[in-house]
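Numbers for residues simply follow the sequence, beginning at 1. All ligand and atom numbering here is 1-based and tracks the order in the structure. Note that the structure is predicted; figures quoted are calculated from it, not measured.
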Amino acid sequence: MRKTDWWKTSTVYQIYPRSFCDSNGDGIGDLPGITSRLDYLQQLGVDVVWLSPVYQSPNDDNGYDISDYRAIMQEFGTLAEFDTMLAGMHERGIKLMMDLVVNHSSDEHVWFTEARSSRDNPYHDYYIWREPQADGSPPTNWEAAFNGSVWEFNEPTGEYYLHMFSKKQPDLNWENPKLREEVYALMRFWLDRGVDGFRMDVINMISKPWLADGSLPQAPVVRDGFLQPGFQLTCNGPRLLEFLREMRVQVLDHYDCITVGEAPMATIQQGRELTHPESGALNMLFQFEHMDLDSVGGHVNGKWALKPLHLPDLKATMMRWQDALEGQGWNSLYLSNHDQPRPVSRFGDDHHYRVQSAKMLCTFLHGFQGTPYVYQGEELAMTNVAFPRIDDYKDIETLNMYRVAVQERGQDSAAVLRSIWAKGRDNARTPMQWSSGPQAGFTTGTPWIQLNHNTALVNAEQAVSDPTSVFHYYRKMIALRKTEPLLVEGHTTLLLPEHPQLVAYLRTPPQGSSGDGAEALLVLCNFGATPCTFELHPAVSCERAELLLGNYAVEAAGLAQRLRSMPLRPYEGLLLRLR
Ligand code: NOJ
């Protein structure tokens, strides 16, 4: 099959279906709701939709716990409505990337209900089982991502099963070839239905180092109590590339599809290995290094231990991935998804400079080499929320973390709530703000989670009708990818790496390209609320600079003079063409 790299020039838009648009007034977003908003996505100009899981699920983790991989969650609609949505996307030239969650299933999946019934059930080996320790306690001291032990006791077999997330998300055993065949078959089911690819949930956890070599190490003890962070023990096992290569040969190579693997704790070496066009398996990864820079590394409280971002660290991290993957793989570019806080609140200023800083962050991100991802509402500069009561939150990670931190570890509840305001996943999951009307136009009923309080100011209706809005800035930036080959292929060179407030980088023709050697793109971003002075290397001349996109009006005096004589304004972002 002839394949092109269309996913390199694409921009992907992520939909979190529960919070996107509700068509039937039950307060929960659904597939017909998505279909009703496709014109909006077309206007924005995105090429691909990544749809978070819509499969049947008891919703312990909002669909990331799947009980039937071939059925649609009843709250979201039917397979027929799925087909209508997909056809509507394709009519508009938009492709659909499904979420593939196959490191674990739901404990309500028939594989697991069978597997847990007896040790000799044919499905038993689809999951990961270990004997209790002599005193009956769990086999290891590893803490799950959503707190508690990763091991849950199963009475009928007298064993523990592994769950890296909640106990309703048992990990699948990829060492079993039959399980792998099941996964490939369900992938074909959706690809044959017309979908265009997969985002693969925690895909680097499918090969567990200790499963491959039969060991069962205890995690290093770094805090009081039995449970210790043990995530690094379960990622990036030695068979990861082998499994994914098999998936490529069995499935992916037979379709012209897009793939992105979520890969916590991935290194640049893995990025290169897994996304290499010949010897790799996936088009790109979601790595996390830039998402971890505002947490205290190695802290027992993980991502909840906050620290301010040091801008040179962000630049260095972005550049390590730019340099490592150029010509040898491909980067995904993201600041936002359903697990992360809103970028304008996290890296910008959602109060005084909400609009400017959101546009600046768009410039910063989309200017790099890679495929950009826009998470629903990012294009409106939707902001974090600060619900006053823990009971207002819905996310299993947040609720479990709060319970353990406050009730079991005795931490200060106000401080824990503050870290939830900064990092909680529900920041990204409040309903999409379509209008300033009741329930922001998301539903005619009661939304499953509260709305942000700022719907009168921040909503799609306003943004679409205002040519200076963040929405239209994203639209223009997305369109530039189609007309500026350098934005896609250009080599990235970081300028002023140590500047504490400025991000500046060049995109120049890649070696061996036929492009005009004298031409370059320059990205300039002020990450602060104060004017930012800087001096570029004399070889970088802005004398004949042309403005491709910027978030402030350009004065009559002209761009070159402006850049010579004035600092960048608060959160100013510029994309320039140099000649
Ligand atoms: C990563 C997903 O993005 C997150 O939402 C989910 O909770 C975990 N994987 C478990 O599936």
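- In Phe146, the part holding a heavy atom less than 4.0 Å from any atom of ligand 1 is the side chain.
- Of all atoms in ligand 1, numbered sequentially from 1 with element shown, those under 4.0 Å from a heavy atom of His104 are 10 (C), 11 (O).
- In this structure, the protein non-hydrogen atom closest to atom 5 (O) of ligand 1 is Asp339 OD1, 2.7 Å.
- Relative to the six-membered ring of Trp434, Arg37 meets both conditions, a distance below 6.0 Å and an angle of at most 45° to the axis.
- Figure legend: cation-pi geometry between Arg239 and Trp174 absent, as NZ or CZ is not positioned both under 6.0 Å from the six-membered ring centre and within 45° of its axis.
- The protein heavy-atom contact nearest to atom 6 (C) of ligand 1 is Asp61 OD2, 3.3 Å.
- In this structure a side-chain-to-backbone donor-acceptor pair under 3.5 Å is missing from Trp142 to Leu227.
- For Gln269, the CD atom is densely surrounded, since the number of other residues' heavy atoms within 6.0 Å is greater than 12.
- Atom numbering of ligand 1 starts at 1 in the shown order; those under 4.0 Å from a heavy atom of Glu262 are 1 (C), 3 (O), 9 (N).
- At a 4.0 Å heavy-atom cut-off, ligand 1 does not touch Met200 at all.
- Looking at atom 9 (N) of ligand 1, its nearest protein heavy atom turns out to be Asp201 OD1, 2.9 Å.
- For NZ of Lys307, the number of neighbouring non-hydrogen atoms (other residues, nucleotides, ligands) closer than 6.0 Å is greater than 12.
- For ligand 1 and Arg425, the ligand atoms under 4.0 Å from any heavy atom of the residue are 4 (C), 5 (O), 6 (C), 7 (O).
- Residue His338 has at least one heavy-atom neighbour below 4.0 Å for each of these atoms of ligand 1: 2 (C), 3 (O), 4 (C), 5 (O).
- Of the protein's non-hydrogen atoms, Phe165 CE2, 3.7 Å is the one closest to atom 8 (C) of ligand 1.
- Side-chain contact check for Ser10 and Lys95: no donor-acceptor pair (N or O, by modelled atom type) lies under 3.5 Å.
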Go through the steps to decide whether Phe364 and Phe347 satisfy the test side-chain contact (heavy atoms from CB on, under 4.5 Å), and finish with yes or no.
CA-CA 11 Å; Phe364 162 77; Phe347 302 116; over 6 Å; no
